[in-house]
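What follows is a single structure, written as structure tokens, with notes after it.
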Number of protein chains: 2
Amino acid sequence: MEKLPEITVNRLSIYRRYVKSLLKKGKLLVTSEKLGKKMHFKPSQIRRDLSYVGQFGERGKGYNVKKLSQGLDKTLGLDRKWQVALVGAGNLGRALSAYPGFRQHGFKISVIFDNSPTKIGKTWLGVEIRDIKQMPKVIKEKKIKIAIIAVPYFSAQQAADILMRSGVKAILNFAPYKLAVPEGLKLKNIDLSTELQSLSCFLTK
Amino acid sequence: MEKLPEITVNRLSIYRRYVKSLLKKGKLLVTSEKLGKKMHFKPSQIRRDLSYVGQFGERGKGYNVKKLSQGLDKTLGLDRKWQVALVGAGNLGRALSAYPGFRQHGFKISVIFDNSPTKIGKTWLGVEIRDIKQMPKVIKEKKIKIAIIAVPYFSAQQAADILMRSGVKAILNFAPYKLAVPEGLKLKNIDLSTELQSLSCFLTK
DNA sequence: TAGATTGTTAATCGATTAACAATC
DNA sequence: TAGATTGTTAATCGATTAACAATC
């Protein structure tokens, strides 16, 4: 199969959300024209993106909403539940652990790690905060493959190193630090101040 | 001037962070070769990106760290302070209002809005939470141009509409909703569950 | 069958990278 | 001057879009 560009994956996730809403409304068919109108994408882009991952449509009719929805679930790995480890029980960690969108899509933060004695042992929404020293043990036990790093930048690389040694294969990193990770580990970075900077850059022009 | 691609702006923000650290260490010169090594970019890409916004180097020597740092500050609009309005005093709003990276780069969340009577009137780190109904008045008074939307998806468009009518020109949106905004307003979206989905997609392959 | 719309190919556009002239 | 490195141009690569044959 042709390889799926990252940017296409991001759009698939957006398509999926809208297709789910059509499914809920009981719609049976939808055209690339209609999808494009609603989400402000070109119909040809939608057809191209969808063709990477399967054939969910019927010529002359449009896409079968149910089939499309299931196909997108499958492609994005959302036809199952994922356990996620959260590293860092600060303000950001707290917000992420309560973020409803994760659970809605099958991501469950099932353990939180921190190094602060005042936090270790507490529970947030039923999830225990454990000592970072326990990370390898707990992550291996639970067979966790996805982790979120929400620690200060100066601890981020250390956290990543332990995570990868513990068997984590994909990391979402919120620390403003360019992590060094091995081939085969998927890394996504969200840098909140970079995002704001692109706004101030725009306003400056 | 040639127009500056969004993706280049993002990299400039990364370059800037590293250049600042060189400045702090007292380094006077740095080459695109060295920058590339450190940040894992191609030297030619760095030179191309920097050439969009100015000439900070000297042939045969490298880039003047101080000049480069100031140039990046200026381009990104970080040679000044920005007041930012935060809409939504939930968990995510709380984390954003405490996020140290914003203040470090000159972004000050100077007002928070919510519609919940139990929150209105409280203060977070010295910043008052005000009624959403006061948004047009307060934003105009303070001449705020940048806002962050951290409300549930079903309130996001309404929040955006009020913001734009109040004179806001750039929005960072955390709600998983495709906002309709007029030409001339800069919109950046951060969709936390989409980011996780690209990890689960990777793990599924 | 005629009309509609997918899936795919070809053309276009934009971003990255290599190459190199300019110049310190 | 010789060596180094920028700034910029040209070549390459990859993503978007238009066009259209396939087919319901």
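Remember, predicted model here, so these are calculated numbers, not experimental data. Values below: all heavy atoms of this structure, side chains included; hydrogens, waters and symmetry mates excluded. Protein chains get the first letters and strands the later ones, always in sequence-line order, with residue 1 at the start of each.
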Near [X] [atom1], under 6.0 Å, is it more than 12 heavy atoms from other residues, nucleotides or ligands?
| X | atom1 | answer |
| --- | --- | --- |
| B/K188 | NZ | yes |
| A/K205 | NZ | yes |
| B/Q158 | CD | no |
| A/L28 | CG | no |
| A/F56 | CZ | yes |
| B/E6 | CD | yes |

For this session: Could you please spell out the steps behind the side chain to side chain contact (heavy atoms under 4.5 Å, CB included) verdict for A/T204 and B/T75?
Result: CA-CA 7 Å; A/T204 299; B/T75 300; over 6 Å; no
For this session: Extract, from 5' to 3' on DNA chain C, the first and final nucleotides lying under 4.0 angstrom from some heavy atom of chain A.
Result: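 Answer, 5' to 3': C/dA4 to C/dT8.
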Contact residues, [range] to DNA chain D [heavy atom, < 4.0 Å]:
| range | answer |
| --- | --- |
| residues 25-45 of chain B | B/T31, B/S32 |
| residues 6-18 of chain A | A/I7, A/R11 |
| residues 197-205 of chain B | none |

Problem set entry | ring-ring contact (aromatic ring centres under 6.0 Å, His included) partners of B/Y99, counting only residues at least two apart |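 ring-ring contact (aromatic ring centres under 6.0 Å, His included) check on B/Y99 returns B/F102.
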Problem set entry | Contact nearer the 5' end of DNA chain D, comparing A/P5 with A/R47 | A/P5
For this session: Would you sketch DNA chain C in dot-bracket for me? Only Watson-Crick or G-U wobble pairs with both distances under 3.5 Å count, crossing pairs as [ ], other-strand pairs as |, the rest as dots.
Result: ..||||||||||||||||||||||
Exercise. With sequence neighbours left out, what residues match B/T31 under side-chain contact (heavy atoms from CB on, under 4.5 Å)?
Worked result: B/E33, B/K34
Does anything in [range] form a side-chain hydrogen bond (donor to acceptor under 3.5 Å, both in side chains)? List the pairs, not counting sequence neighbours.
| range | value |
| --- | --- |
| residues 53-71 of chain B | B/K20-B/S69 |
| residues 136-156 of chain A | none |
| residues 82-97 of chain A | A/Q83-A/S110 |

Exercise. So B/I14 and A/D191, side chain to side chain contact (heavy atoms under 4.5 Å, CB included) or not? Walk me through it.
Worked result: CA-CA 10 Å; B/I14 297 171; A/D191 186 334; 5.6 Å; no
Seminar exercise, completed: Note: contacts of residues 62-72 of chain A with DNA chain C (heavy atom, under 4.0 Å) are A/G62, A/Y63
Exercise. Which distance, rounded to the nearest 0.5 Å, do you find between the CG of A/L185 and the CD1 of A/I171?
Worked result: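 These two atoms lie 5.0 Å from each other.
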For this session: I would like to know whether B/L196 and B/L199 meet side chain to side chain contact (heavy atoms under 4.5 Å, CB included); could you show each step before the answer?
Result: CA-CA 5 Å; B/L196 267 193; B/L199 300 187; 3.9 Å; yes
For this session: Please lay out, stage by stage, how A/L72 and A/L50 fare under the test side chain to side chain contact (heavy atoms under 4.5 Å, CB included).
Result: CA-CA 9 Å; A/L72 290 172; A/L50 293 178; 4.1 Å; yes
Which atom pairs, one a donor and one an acceptor, fall under 3.5 Å between side chains of residues 37-49 of chain A and the rest of the protein, sequence neighbours left out?
from: A/R47; atom 1: NH1; to: A/S32; atom 2: OG; distance (Å): 3.1
from: A/R48; atom 1: NH2; to: A/E2; atom 2: OE1; distance (Å): 3.2
from: A/R48; atom 1: NH2; to: A/E2; atom 2: OE2; distance (Å): 3.4
from: A/D49; atom 1: OD1; to: A/T8; atom 2: OG1; distance (Å): 3.2
from: A/D49; atom 1: OD1; to: A/R11; atom 2: NH2; distance (Å): 3.2
from: A/D49; atom 1: OD2; to: A/R11; atom 2: NE; distance (Å): 2.6
from: A/D49; atom 1: OD2; to: A/R11; atom 2: NH2; distance (Å): 3.3
from: A/D49; atom 1: OD2; to: A/Y15; atom 2: OH; distance (Å): 2.6

